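Structure first, then comments.
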Amino acid sequence: DAPGAPQRDPPTGKGGPPAFPGGARRAESSPGSRQIQLWHFILELLQKEEFRHVIAWQQGEDGEFVIKDPDEVARLWGRRKRKPQMNYDKLSRALRYYYNKRILHKTKGKRFTYKFNFSHLLFLSCPLWDTRSLSGAMGGQGAPPNSPSGPPGA
DNA sequence: ACCGGAAGGT
DNA sequence: ACCTTCCGGT
């Protein structure tokens, strides 16, 4: 398959989704089809051999990856989101918003290099999960769970 | 290249 | 909420 291929349009129900009373996670349109998030897409590319010339894990550093072809990653992302005017400048701004969310941070001094905070991602997915039990298991092809059903807590 | 504020879109 | 667009500053 092709991660750059756009997703099918989910049938929009009528009325639209009103704000949830609890302020908790409401479905964007329907429970199964939320919009793809950038960090999901990045992981999607990273887990496929066919894109190793475009983006790849940095050897030796846990969760660190390097964008080898920024223009191509931006093109694929724009294709997925149906934003043909996407470029690396805009994509990287979106990545920068992840800094405060503690999903990503920049590896300073290394060009086009960022690092996932897997511990934080796992914690968001499952707050009771003990990350110490799999500290060594994420070098290389770490495959984090696909359940970002985060408890807001706030 | 990289940063982060500001406004806008869905 | 999660980006997209734009842009002045480093």
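Sequence lines set the chain letters: A, B, ... in the order given, protein chains first and strands last, and positions in each chain run from 1. What you see is a predicted model, and the numbers here were worked out from it, not measured in a lab.
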**Request:** Identify whether any heavy atom of A:Y97 sits under 4.0 Å from a base atom; if not, whether one sits that close to sugar-phosphate; answer base, sugar-phosphate or nothing.
**Result:** base

**Fill in**
Of the candidates C:dT5, C:dC3, B:dG4, the side chain of A:W77 sits closest to C:dC3

**Message:** Treating A:K115 as the side-chain partner and A:F65 as the backbone partner, does any N or O pair qualify as donor plus acceptor under 3.5 Å?
**Reply:** no

**Asked** Looking only at side-chain N and O atoms, does A:Y88 come under 4.0 Å of OP1 or OP2 in B:dA1?
**Response** no

**Request:** To the nearest Å, give me how far apart CD1 (A:I42) and C1' (C:dC2) are.
**Result:** 15 Å

**Request:** Measure across A:K68 and A:R52 and return the closest heavy-atom pair with its distance rounded to 0.1 Å.
**Result:** NZ-O, 3.3 Å

**Message:** Need one value for A:K83: base, sugar-phosphate or nothing, where a base atom within 4.0 Å counts as base even if backbone is also close, heavy atoms only.
**Reply:** sugar-phosphate

**Message:** Any salt bridge linking A:R80 with A:E44? Criterion: basic side-chain nitrogen under 4.0 Å from a carboxylate oxygen.
**Reply:** yes

**Item:** Whole-Å distance separating the CZ atom of A:F112 from the P atom of B:dC3
**Value:** 12 Å

**Item:** Atom pair distance, as rounded to whole Å: CG in A:D71 and C1' in B:dA1
**Value:** 13 Å

**Prompt:** Using a cut-off of 4.0 Å on non-hydrogen atoms, how would the nucleic acid contact of A:L38 be classed: base, sugar-phosphate, or nothing?
**Reply:** sugar-phosphate

**Prompt:** Hey, which of these two, A:D89 or A:M86, hits DNA chain C nearer its 5' end, going by closest nucleotide?
**Reply:** A:M86

**Request:** Using whole Å, report how far CG of A:L104 lies from P of B:dC3.
**Result:** 11 Å

**Prompt:** Can a side chain N or O of A:K81 be found less than 4.0 Å away from OP1 or OP2 on C:dT4?
**Reply:** yes

**Message:** Looking at every non-hydrogen atom in both residues, tell me the closest pair between A:W77 and A:Q37 and how far apart they are.
**Reply:** CH2-C, 4.0 Å

**Phosphate OP1/OP2 of B:dC3: any A:R96 side-chain N/O under 4.0 Å** = yes

**Fill in**
Sorted by position of nearest nucleotide on DNA chain B, 5' first, the leading residue of A:R93 and A:P70 is A:P70

**Euclidean distance, atom CD1 of residue A:I36 to atom P of C:dT4 [Å, nearest integer]** = 11 Å

**Prompt:** Same cluster or not: are A:I36 and A:Y98 linked, directly or through other Ile, Leu, Val, Met, Phe, Trp or Tyr residues, by side-chain heavy atoms under 4.5 angstrom apart?
**Reply:** yes

**Prompt:** Has A:K106 got a side-chain N or O lying under 4.0 Å from the OP1 or OP2 atom of B:dC2?
**Reply:** yes

**Atom pair distance, as rounded to whole Å: NZ in A:K90 and P in B:dG9** = 15 Å

**Request:** Nearest whole angstrom, please: distance from the C1' of C:dC2 to the CZ of A:R82.
**Result:** 18 Å

**Request:** Calculate the interatomic distance between A:F41 atom CZ and C:dC2 atom P; express it in whole Å.
**Result:** 18 Å

**Message:** So, OP1 or OP2 of C:dC2: does either fall under 4.0 Å of a side-chain N or O from A:K101?
**Reply:** yes

**Message:** Taking only side-chain N and O atoms of A:Q37, does any of them lie within less than 4.0 angstrom of OP1 or OP2 on C:dC3?
**Reply:** yes

